[in-house]
There are 2 protein chains.
Amino acid sequence: MLDAAVQVFSRRGYHAASMDEIAERAGISKPLVYLYLGSKADLFTACIRREAGRLREAITSVAEDGLAPQEQLWRGVNAFFGFVAQHREGWSVLYRQARGQGEPFSGEVAKMRRMIVETVAALIARAMAAEGVRKPAVEGDEVLALANALVGAGESLTEWLLDHPEESPEVTSARLMNLAWMGLSNVLRGKVWRPPAGPSR
Amino acid sequence: MLDAAVQVFSRRGYHAASMDEIAERAGISKPLVYLYLGSKADLFTACIRREAGRLREAITSVAEDGLAPQEQLWRGVNAFFGFVAQHREGWSVLYRQARGQGEPFSGEVAKMRRMIVETVAALIARAMAAEGVRKPAVEGDEVLALANALVGAGESLTEWLLDHPEESPEVTSARLMNLAWMGLSNVLRGKVWRPPAGPSR
DNA sequence: AAGTAAGGTTACGCGCGAGTAGGTAGACTG
DNA sequence: CAGTCTACCTACTCGCGCGTAACCTTACTT
C-alpha cells in the first residue's frame, strides 16, 4: 500500500497525486487509506519515513567502525548510489517532491539530509586529524560547507545516474570520490586555490 | 507585477500560490493578471523566463572570451553566487519550485541548467586540452558527469549560503573552486582515485 | 435464526481556487 | 449630450479532490 503511494507520488508529485488514484493502484478503496493512515499529509509523511529509513539503513549497514575514513566514505557513497539506482521512485519522492513545499514534510527530509552532511563532515574531520592539519587552516564551519558541497555533488550525480541507466553506480561513485578525495587531499596538504589578483569587476 | 508573482511563488510554491494573492500583492485585480499573461502556468513560465534570463545575463556578462579557463570559471561562479545572494526569491522560484513537477515548466529550467553544465564542461575540456591530457584517460561523457557534479556542488552551496547570511558569496565561491579545481588538477595530471581492493560487499 | 461485529464499499458534502461574464467609471468623439 | 471605447473591477461558475456518512456483506456468536 505504501508502495502504491510512493509510485503515484513519485510520478505525479505531492499535489497532483490524488487519493483516488493511490487507492485504486493499491487495489483498495479510499476510505481504507484514511482508516489506516489518516490524511494525505500523513500518508506522504509515512512514505518519506519509510524511504528515508531504508536509505539510512542501506548506508549505515556498510559503514563499519574502525575503517579508514576514505574506505568508509567510499562504501557509503557506493551504497548510496546503489540504493538510489534500485529505488528510483523512493528517491524521487524523497528528493524531488519533498523538498521545498511549505514546511510540513520538508523538515523530515531536511533532517535526514543534515544527518548525511554531518556524517560526511565527521569523516572529513577525521581524515584531517589523521593528516595532522592545524585548525586555523580550516575553520569550523568550513568542514560543514565542504561536506555540503560534496553531498550536493552526489545529489547531482544521482540525477545523472538516473538519466543514464547505462552507467553503473560503481563508476558514478568513483567519479564522486575522485572529485572529493583528490580535491580534499590537496587542501589537506595546505595547497589551496586562491582567486586571481584584481577586483573581479 | 512579475515581482509580485515571484514573491508569492517563492513563498508558497507553485500549487499553493493563489492567483488572488498574487493579484492583491500586485495591487491589481485578478482578471487583469489573466488579461496580461493568460493562465497561471503562463504566469509562472513568464517568471521563470525572466529570472532565468537575469541569471544567464549575470553570468555571461562577466565571462569574457580569451581568459584562462580557471579565470572564467572563477568569474562565473562568483557571479552566480553574487546573483543568488541578491535575488533569493528568484532563485527559490527557479530552483526549489520549478524542479520536479510534471513537465510543464521543468523543461524550461532543465534547459537552462543543461546550458550551465555544458558551459562548465567546455571549460573543463579546455583546461584539459591546455594540460595536454589524452582522450582515453577521460571518456567523453566523463567530462559532462564531472561538470554535473560541480554544478550540483554549487547548488548545494547556494542553499548553504542562503541559510548563512553571514557568509559572503566570495568565500563560498572560493570554497567551490577549491573543491573543483584542486580535484580537477589532480585528475588532469593522471592521479585518479581508485577504489580499495576487494568486493565492497 | 437473530444479533452483532469486522472489514469493506459506494456515493456524497464541501471548500477552495482557476478562470470568466458582465457591469462600471472615466476619457475621447462627433 | 448621446455614443463608444478603454481600462478595470465585482461577483459569479464550475470542476476537482479531500475527507466522511451511511450502507452492505460475510463470518462468528448465542
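In what follows, chains carry the letters A, B, and so on, assigned in the order in which the sequence lines appear, proteins first and then strands, with residues in each chain numbered from 1.
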| request: Give a yes or no answer on whether the side chain of B:Asn148 reaches the backbone of B:Ala145 with a donor-acceptor pair at less than 3.5 Å. | output: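 No: the side chain of B:Asn148 does not pair with the backbone of B:Ala145.
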| said: Checking A:Glu167 against A:Arg175 for the salt bridge (charged side-chain N to carboxylate O under 4.0 Å, His left out) test, could you report, in this order, the C-alpha distance in whole Å, the side-chain angles of both residues, the deciding distance, and whether it holds? | reply: CA-CA 11 Å; A:Glu167 302 276 359; A:Arg175 283 202 253 257; 2.8 Å; yes
| note | Under a 4.0 Å heavy-atom criterion, the protein footprint on nucleotides 19-25 of chain C, written with B, S and -, is BBB----
Rounded to whole angstroms, how far apart are [atom1] on [X] and [atom2] on [N]?
| X | N | atom1 | atom2 | value |
| --- | --- | --- | --- | --- |
| A:Ile22 | D:dC16 | CD1 | C1' | 15 Å |
| A:Glu21 | D:dC16 | CD | P | 14 Å |
| A:Leu37 | D:dC18 | CG | C1' | 15 Å |
| A:Asp42 | D:dG19 | CG | C1' | 12 Å |
| A:Tyr14 | D:dC18 | OH | C1' | 10 Å |
| B:Ile28 | D:dT10 | CD1 | C1' | 15 Å |
| B:His15 | C:dC16 | NE2 | P | 18 Å |
| B:Leu35 | D:dA7 | CG | P | 9 Å |

| Which part of the nucleic acid, if any, lies within contact of A:Ala17, taking any heavy atom under 4.0 Å across all strands shown: a base, the sugar-phosphate backbone alone, or nothing? |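 Touches sugar-phosphate only.
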| said: For a quick check of understanding: with a heavy-atom distance under 4.0 Å over all strands, which category does A:Ser18 fall into, base, sugar-phosphate or nothing? | reply: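 The residue A:Ser18 makes sugar-phosphate contact but no base contact.
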| Member of B:Arg12, B:Arg25, B:Glu89 meeting the side chain to side chain donor-acceptor pair (under 3.5 Å) criterion with B:Gln7 |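 The side chain to side chain donor-acceptor pair (under 3.5 Å) with B:Gln7 is passed solely by B:Arg25 among B:Arg12, B:Arg25, B:Glu89.
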| message | Can you classify the ring geometry of B:Trp193 versus A:Trp74 as parallel (below 30°), tilted (30 to 60°) or perpendicular (above 60°)? | response |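 B:Trp193 and A:Trp74: tilted rings.
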| query | Which heavy atom of A:Ala153 sits nearest a heavy atom of A:Leu176, and at what distance? | reply |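 Taking every non-hydrogen atom into account, CB-CD1, 3.8 Å.
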| request: Going by the side chain to side chain contact (heavy atoms under 4.5 Å, CB included) test, name the single residue among A:Val6, A:Val84, A:Leu55 that passes it with A:Leu94. | output: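 Exactly one option meets the side chain to side chain contact (heavy atoms under 4.5 Å, CB included) with A:Leu94, and it is A:Leu55.
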| Looking at the side chain of B:Leu32, which of D:dC9, D:dC18, C:dT9 is the nearest nucleotide? |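 Looking only at side-chain atoms, B:Leu32 lies closest to D:dC9.
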| query | OP1 or OP2 of C:dG8 sitting under 4.0 Å from any side-chain N/O of A:Tyr36? | reply |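 A:Tyr36 to C:dG8 OP1/OP2: side-chain N or O found under 4.0 Å.
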| request: Evaluate side-chain hydrogen bond (donor to acceptor under 3.5 Å, both in side chains) for B:Ser156 paired with A:Arg113, printing each intermediate quantity in order. | output: CA-CA 11 Å; B:Ser156 188; A:Arg113 188 184 196 274; 2.9 Å; yes
